[in-house]
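Values below: every heavy atom of this structure, side chains too, minus hydrogens, waters and symmetry copies. Lettering of chains follows the sequences in order, A, B, ..., and the numbering in each one begins at 1.
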There are 2 protein chains.
Amino acid sequence: MSKQNISLSVIKRLPKYYRYLESINEKGIIRVSSKELSEITGLTASQIRQDLNHFGCFGQQGYGYNVKELIGELSKIIGVDKSYKIVLIGYGNIGHALYQYKSFRDLGYEFEAVFDKEEFTHEELKVQKIDDLGDFLKNNKVDIGIIATPKTVAQEIADILCEGGIKGIWNFSPVDLKVKNGVVIESVHLDESLFTLTYFMNSPEDFIF
Amino acid sequence: MSKQNISLSVIKRLPKYYRYLESINEKGIIRVSSKELSEITGLTASQIRQDLNHFGCFGQQGYGYNVKELIGELSKIIGVDKSYKIVLIGYGNIGHALYQYKSFRDLGYEFEAVFDKEEFTHEELKVQKIDDLGDFLKNNKVDIGIIATPKTVAQEIADILCEGGIKGIWNFSPVDLKVKNGVVIESVHLDESLFTLTYFMNSPEDFIF
DNA sequence: TAGATTGTTAATCGATTAACAATC
DNA sequence: TAGATTGTTAATCGATTAACAATC
């Protein structure tokens, strides 16, 4: 039941469970079985039960899972029950979109500061000069750095973030960053996603989803 | 050597190969071995060779792969050698960012029209009313629909897109869309990505990447 | 109690890695 | 030719699915 040895495949499914359970909960449903979850998620009931059992015994024989309770457990497992302090680097198209995205704030992800190449003010938001990032991190405890810069400077920014004691990087630039052990990287490679779509559009015989 | 039976794992790696090869090419490097590719991508040489051999014999014993040639082959396999016509639905934060993103245009992805709840004009771009999407698709051949709407209307939009004969949907709303067979869905679930990051930030012992 | 459904072990399936003959 | 490196088969490893005893 230790957290050790849990595979990436399992972990990547946790947010999906969380999302479906939230939508079930919004409908006012109290309990759900792995079979029912299987039907709406498209995963097998067996896999759902085994995934959850990596973290604990949240169900009850003959009953299934209590929706609210399971959401609570998943929140703790994923860590969305806590709040996180963020710095955003790169206030271009994507950076701007992420900054505006309200859902993340509601979940407890708080933007502490925004940096770009040059300092400027945009609708009451003071965007700071990137040169001041290092100092800012020295004086403020920040958990997550979002990199939404051109790929040419992404690694450089990552280095500053690591040096500043950040715990995780959410990377939107199309490069694979190298960081010291202990810092977590999660990348959103939009180019790769679009290419995957493109591949399948040209391969009508491929029905592996 | 048929395209049948190629697993999703393999296909998801193709864009990565493409990206690394482009960067090697930019450095003016002519040839590359699977061993060298292994070192920069972090994948095993064996896996790289086996992945590529699903699509053809692009290498040469004792030499390796010609960088430009392999890029050309990958372009054809992925389908980035062609151009694609896009409609964007939802011109909010993310929709706006995607519309502005220059790289995609350079690669041959062309925005034919943009739709939102109400029609309006923004910096010379005429955003059309969503009610006109169906008609637009009847009169224009469109390949890809990008959904960047609130989740409440995403499935409804997907239905209109399918009805309109679209081939692929790039979905940014946090739902799993259901479409008729033959239409390809690729979703970018930002919430799931952020949750995965969050999970690992709270699990320092987990070193499975 | 009888029916339902979990938690968990065992069986199957698929993906990755290792090895090496072929050959440039 | 000798060295390097591919393409491909076989071995290993890991993830998914099936099955079922436990039990609510």
Quiz item: Gln50(B) side-chain donor-acceptor pair to dT17(C) base, under 3.5 Å: yes
Partners meeting ring-ring contact (aromatic ring centres under 6.0 Å, His included) with Phe104(A) (sequence neighbours left out): Tyr101(A), Trp170(A)
Derivation of the side chain to side chain donor-acceptor pair (under 3.5 Å) call for Lys82(A) and Asn202(B): CA-CA 10 Å; Lys82(A) 299 179 199 149; Asn202(B) 289 286; 2.6 Å; yes
Per Asn53(B) side chain, nearest of listed nucleotides dT17(C), dT6(C), dT8(D): dT8(D)
Separation of atom CD1 in Ile6(A) from atom P in dT16(D), rounded to whole Å: 13 Å
Separation of atom CG in Leu52(B) from atom P in dT16(C), rounded to whole Å: 14 Å
Whether Phe55(A) and Tyr199(B) hold their rings parallel, tilted or perpendicular, with breakpoints at 30° and 60°: perpendicular
Whether Tyr91(A) and Tyr99(A) hold their rings parallel, tilted or perpendicular, with breakpoints at 30° and 60°: perpendicular
Any Ser34(A) side-chain nitrogen or oxygen under 4.0 Å from OP1 or OP2 of dT6(C): yes
Atom-to-atom span, NE2 of His54(B) to C1' of dT16(C) - whole angstrom: 11 Å
Qualifying residues under side chain to side chain contact (heavy atoms under 4.5 Å, CB included), relative to Glu36(A), sequence neighbours excluded: Val32(A), Ser33(A)
Check: Ser173(B) side chain, Ala148(B) main-chain N or O, donor-acceptor pair, under 3.5 Å: no
Watson-Crick and G-U pairing of DNA chain C, under 3.5 Å, as dot-bracket with | and [ ]: ..||||||||||||||||||||||
Nucleotide dA15(C), atom C1' - distance to CG of Leu43(B) in whole Å: 13 Å
Counterpart residues, side chain to side chain contact (heavy atoms under 4.5 Å, CB included), relative to His189(B) (two or more places apart): Lys16(A), Arg19(A), Asn171(B), Asp176(B), Ser187(B), Asp191(B), Glu192(B)
Residue Glu163(B) excluded, over 12 heavy atoms near CD under 6.0 Å: no
Whole-Å distance separating the CD atom of Gln47(B) from the P atom of dT6(D): 15 Å
Gln61(B): partners by side chain to side chain donor-acceptor pair (under 3.5 Å), with sequence neighbours left out: none
Sorted by number, the residues of residues 59-67 of chain A with heavy-atom contact under 4.0 Å to DNA chain C: Gly59(A), Gln60(A), Gln61(A), Gly62(A), Tyr63(A), Gly64(A), Tyr65(A)
Length of the line joining Leu8(B):CG and dT16(D):P, which is rounded to integer Å: 12 Å
Closest to the Ser9(B) side chain, choosing from dT5(D), dT16(C), dG7(D): dT16(C)
Euclidean distance, atom CG of residue Asp51(B) to atom C1' of dT16(C) [Å, nearest integer]: 10 Å
Atom pair distance, as rounded to whole Å: CD1 in Ile48(B) and P in dT8(D): 17 Å
Proximal nucleotide (of dA19(C), dT6(C), dT17(C)) relative to the Arg49(A) side chain: dT6(C)
Earlier contact from the 5' end, DNA chain D, for Lys35(B) and Ser46(A): Lys35(B)
